[in-house]
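Right, one structure below, let's go through it.
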Amino acid sequence: MPFVRIDAMDTGPGRLDALGRAVHEALVETLGIPPDDHFQILTAHDGARGTVRHGDYLGIRRDEGIVYVAVTLRAGRSDGRKRALYARIAELAHAYAGTEPRNVFVTLTENGPADWSLGHGEAQYVGS
């Protein structure tokens, strides 16, 4: 059950949709997420009402094409699967949205079964 937030500068709905598809496909392919487990918030920033900032940390030269991808998911994936996810997101973001892989910034936040309510005010992942 990943919950995804994507933030990008000066982008229209077509690019946001392409980024959302890229991230979702990568989650399905690398982590085995069910295809209908699709919860995303996609936000474009215009520099006036909202913006994104970046630096060249760790020697990676980023620019205004940067995309921030924040994924919240239940804990338990190996480092290898996480690395595969990062690589696939960068690959598909480039293929679908033209985003340079150096501009794809991904964070994962893991939590437990009791940290989710998928509706009806219930904790569906917690046993009765």
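Values below: every heavy atom of this structure, side chains too, minus hydrogens, waters and symmetry copies. Just so we're clear, the structure is a prediction, and the values are computed from it rather than from any experiment.
Taking hydrophobic clusters as Ile, Leu, Val, Met, Phe, Trp and Tyr residues chained together by side-chain heavy-atom distances below 4.5 Å, Ile33 shares a cluster with Tyr86. Leu92 is not connected to Val23 by any chain of hydrophobic side-chain contacts under 4.5 Å among Ile, Leu, Val, Met, Phe, Trp and Tyr, and they are in different clusters. Two different hydrophobic clusters hold Met9 and Val104 under the rule that ILVMFWY side chains link at heavy-atom gaps under 4.5 Å.
Once rounded to the nearest 0.5 Å, the distance linking CZ of Phe3 with CG of Asp37 reads 12.0 Å. Here the CZ-CZ distance, from Arg88 to Arg81, works out to 14.5 Å after rounding to the nearest 0.5 Å. Remark: Ile89 CD1 to Glu29 CD distance equals 10.5 Å, nearest 0.5 Å.
Two residues are said to be in side-chain contact when any heavy atoms from C-beta on lie closer than 4.5 Å; Glu100 and Arg62 fail this criterion. Taking 4.5 Å as the limit, every side-chain heavy atom of Leu108 sits out of range of all side-chain heavy atoms of Thr72. Using a 4.5 Å heavy-atom threshold, the side chains of Leu73 and Leu31 count as touching. At least one side-chain heavy atom of Val67 sits under 4.5 Å from a side-chain heavy atom of Ile6. Taking 4.5 Å as the limit, every side-chain heavy atom of Leu42 sits out of range of all side-chain heavy atoms of Asp17. Using a 4.5 Å cut-off on side-chain heavy atoms (C-beta onward), Val52 and Ile66 make contact. Side-chain atoms of Glu110 and Arg74, non-hydrogen and from C-beta on, never get closer than 4.5 Å to each other. With contacts defined as side-chain heavy-atom distances shorter than 4.5 Å, the pair Asp56/Ile60 does not qualify.
At least one donor-acceptor pair under 3.5 Å links the side chain of Gln124 to the backbone N or O of Leu118.
Residue pairs meeting the ring pair (Phe, Tyr, Trp, His ring centres under 6.0 Å) criterion with at least one member in residues 9-47, sequence neighbours excluded: His24-His38. The ring pair (Phe, Tyr, Trp, His ring centres under 6.0 Å) contacts involving residues 57-83 comprise Tyr68-Phe105, where partners must be two or more places apart or lie in separate chains.
When all heavy atoms are compared, the tightest approach of Ala93 to Ala22 is N-CB, 3.6 Å.
With sequence neighbours excluded, the residues satisfying side chain to side chain contact (heavy atoms under 4.5 Å, CB included) with Asp63 are Arg61, Arg102, Asn103. Legend: residues meeting side chain to side chain contact (heavy atoms under 4.5 Å, CB included) with Ala97, ordered by chain and number and at least two apart, are Arg15, Ala18, Leu19, Thr99. Partners of Arg77 according to the salt bridge (Lys or Arg N to Asp or Glu O under 4.0 Å) rule, which considers only residues two or more places apart in sequence or in another chain, do not exist here. Evaluation of the side chain to side chain contact (heavy atoms under 4.5 Å, CB included) rule for Ala44 yields Thr11, Leu16 as partners, not counting sequence neighbours.
For Arg5, the CZ atom sits in a loose shell: 12 or fewer heavy atoms of surrounding residues, nucleotides or ligands are nearer than 6.0 Å.
Look at Arg83 and Asp79 and you find no salt bridge, because none of the NZ, NE, NH1 or NH2 atoms lies under 4.0 Å from a carboxylate O.
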